[in-house]
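What follows is a short report on a single structure.
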Amino acid sequence: MDIPYVSHKVLSSDTLDSLALKYYNNPTYWWAIAYFNEIQDSFIILIDKFDIIKIPSISAISFGEVR
C-alpha cells in the first residue's frame, strides 16, 4: 500500500522535529518523516540534502502487530 504524502519545500530553518510539529502538531513524530525519507541521521541539516522532503500522512502509517 502506498502511503499518501505532501511535498514540502525545505527551508534553511527546517529540522525533522520542526516539520513534525508543523504537520503533526507533535515534534516527537520526527522519526516518521526520517523513516519515510530514508534518513538515518536524526541531526541532518535538511537543506544540505533535500530541496523537497516528503511528509507522510501519519494516519496512513501502519505500526504493525500489537503484542
Derivation and outcome, side-chain contact (heavy atoms from CB on, under 4.5 Å), residues H8 and D14: CA-CA 10 Å; H8 173 85; D14 287 338; 2.7 Å; yes

Is it the case that atom [atom1] in [X] sees more than 12 heavy atoms from other parts of the structure closer than 6.0 Å?
X   : atom1 : answer
N25 : CG    : no
I47 : CD1   : yes
D48 : CG    : yes

May I ask whether [X] and [Y] are part of the same hydrophobic cluster, defined by side-chain heavy atoms of I, L, V, M, F, W, Y residues being less than 4.5 angstrom apart, directly or through others?
X   : Y   : value
L19 : I3  : yes
Y35 : V10 : no
V6  : Y29 : yes

Can you measure from [atom1] ([X]) to [atom2] ([Y]) and round to the nearest 0.5 angstrom?
X   : Y   : atom1 : atom2 : result
L16 : F43 : CG    : CZ    : 10.0 Å
S42 : I33 : OG    : CD1   : 12.5 Å
S7  : D51 : OG    : CG    : 11.5 Å
N37 : I53 : CG    : CD1   : 4.0 Å

Close side-chain approach of F50 and I44, heavy atoms under 4.5 Å: yes

Minimum side-chain heavy-atom gap Y24-I55 below 4.5 Å: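 Yes, side chains in contact.
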
Heavy-atom pair with the smallest gap, counting every atom of A60 and P4: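 Residues A60 and P4, closest heavy atoms: CB-CD, 3.6 Å.
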
Verdict with supporting geometry, I39 and L46, side-chain contact (heavy atoms from CB on, under 4.5 Å): CA-CA 10 Å; I39 298 170; L46 293 174; 4.0 Å; yes

